[in-house]
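Just so you know, these numbers come straight off a predicted model, no measurement behind them.
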Amino acid sequence: MTRPPAVGDRPPTAVVTGAARGLGLHTAHELCLRGYRTLCVVRDPAAAPALRAVLGTLAHPVVADVRDAAVGRDVAEIVGGAAVDLLVHNAGVAHPPSVLGELRADDVLDSFVTHCLGPLRLTQALLPALRRARHATVVHVSSRRGSFARAARDDGPGARHYAYRIGKASQNMLSLSLRQELAGADIRVVAVHPGSLRTAMGARDAADDPATAAADLVRLVLTDPRRRLPPFVERAGDPHPW
């Protein structure tokens, strides 16, 4: 497995949002094992001390909310003049499914800000750091719920996930737009469907282990940082339908 070379005594740097639990926590763990200085963005200050204890000295908890307009500035200040080799937009929110007459507009807005606007702000703020890296990668942890092709075939209960579907579809379009603009800057952008995970946000019938999914995701993006991946991909590397 390859990784970006350390600069002097400084290891390569990754930023992972939603790192307090589930896929984000396991992704941060995998990166620390591979020698990455990993900035773990968490919303709850109480989660920060435990992260360092669990992940080791390469983990650097950052208390910030991706929904906050200042999230980009706050994380960029901690990054300083370092390069960011890998940015993983993993933070998410899942509001309960709802029929139209009971749908809360605030839930839709919250999903959009969490999954799309937050990653946009953070990527903007970290763009200079991503440019400083050699073969940087930006990963959007997406979902099958954000796929128009999948949604068009789903007329069951999944159709009621208005907020989550809209948020993830928006994130997919953000990922594609960034991919098209940043390709010339040697910054690779990819949206990844990690599977149906057994996490707090997972579906009731979820069967995939988040630790396994994190290992697969990290292997996918680090094995060859120059490899051209499909714009929307499953964690094994196969294209996912848009």
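- When all heavy atoms are compared, the tightest approach of R179 to L229 is NH2-O, 2.5 Å.
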### Query
Which is it for T13 and Y36 under the side-chain contact (heavy atoms from CB on, under 4.5 Å) test, yes or no, and what are the steps along the way?
CA-CA 5 Å; T13 297; Y36 277 69; over 6 Å; no

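- A side-chain donor-acceptor contact under 3.5 Å links T137 and R188.
- A distance-only check finds a donor-acceptor pair linking the side chain of T223 to the backbone of R219 [under 3.5 Å].
- A heavy-atom distance below 4.5 Å is found between the side chains of P231 and L176.
- Note on V93 and V113: separate hydrophobic clusters, where clusters join Ile, Leu, Val, Met, Phe, Trp and Tyr whose side-chain heavy atoms are under 4.5 Å apart, directly or indirectly.
- Here the closest non-hydrogen pair linking A191 and S142 is CB-CB, 4.2 Å.
- A donor-acceptor pair under 3.5 Å is formed between the side chain of R52 and the backbone N or O of A59.
- Among V41, I78, L130, T38, the single residue meeting the side-chain contact (heavy atoms from CB on, under 4.5 Å) criterion with V15 is V41.
- Looking only at distances, a side-chain donor or acceptor of K168 sits under 3.5 Å from a matching main-chain atom of V141.
- Of the possible donor and acceptor atoms, one in the side chain of D209 sits under 3.5 Å from a partner among the backbone N and O of T212.
- Around the NE2 atom of H26, the shell of radius 6.0 Å holds more than 12 heavy atoms that belong to other residues, nucleotides or ligands.
- Rounded to the nearest 0.5 angstrom, C40 SG and L25 CG are separated by 8.0 Å.
- Counting only distance, with no hydrogens or angles, the side chain of R235 and the backbone of P194 share a donor-acceptor pair below 3.5 Å.
- Between the CD atom of Q171 and the CD1 atom of I166 there is a distance of 14.0 Å, given to the nearest 0.5 Å.
- V42 places none of its side-chain heavy atoms less than 4.5 Å from the side chain of V62.
- Note that CZ of R132 and CG of L127 are 10.0 Å apart. Values are rounded to the nearest 0.5 Å.
- Side chains of D110 and D106 form no contact here, defined as non-hydrogen atoms less than 4.5 Å apart.
- In this structure, R43 places its CZ atom where only 12 or fewer heavy-atom neighbours from other residues, nucleotides or ligands lie under 6.0 Å away.
- The hydrophobic cluster containing L87 also contains L39, counting ILVMFWY residues as joined when their side-chain heavy atoms lie under 4.5 angstrom apart, directly or transitively.
- The shortest side-chain heavy-atom distance between F232 and S147 falls under the 4.5 Å cut-off.
- Between P230 and V190, the closest side-chain pair of non-hydrogen atoms is not below 4.5 Å.
- Taking the six-membered ring where tryptophan is involved, the planes of H240 and H193 are perpendicular, since the angle between them exceeds 60° and thus also 30°.
- In this structure, the ring of F148 has its center no less than 6.0 angstrom from the ring center of W242.
- Closest approach of A163 and D107 over heavy atoms only: CB-O, 3.7 Å.
- Linking ILVMFWY side-chain heavy atoms closer than 4.5 Å, directly or via other members, places V75 and V189 in a single hydrophobic cluster.
- Residue L182 holds its CG atom at 10.0 Å from OG of S177, rounded to the nearest 0.5 Å.
- Atom CG in L51 sits 12.5 Å away from atom CZ in R21 (nearest 0.5 Å).
- The shortest non-hydrogen separation linking G72 to L122 is CA-CD1, 3.9 Å.
- Summarising the geometry of V71 relative to D65, their closest heavy-atom pair is CB-O, 3.5 Å, with the distance given to 0.1 Å.
- With 3.5 Å as the limit, one finds no donor-acceptor pair spanning the side chains of H140 and N172.
- One distance of note links CZ of R144 with CZ of R165; it measures 11.0 Å at 0.5 Å rounding.
- I187 and L220 fall into different hydrophobic clusters, where Ile, Leu, Val, Met, Phe, Trp and Tyr side chains are chained together by heavy-atom contacts under 4.5 Å.
- Using a distance-only test at 3.5 Å, with no hydrogens or angles considered, a donor-acceptor pair links the side chain of S98 to the main chain of L103.
- Residues V192 and V138 fall into different hydrophobic clusters, defined by Ile, Leu, Val, Met, Phe, Trp and Tyr side chains chained together at heavy-atom separations under 4.5 Å.
- Residues T123 and H89 are in side-chain contact: their nearest non-hydrogen atoms beyond the backbone lie under 4.5 Å apart.
- Contact detail for A149 and P241: the closest heavy-atom pair is CB-CB, 4.0 Å.
- Formation of a donor-acceptor pair under 3.5 Å by the T17 side chain with backbone atoms of N90 is found in this model.
- Between H115 and Y164, the two ring planes are perpendicular [angle over 60°; tilted spans 30° to 60°].
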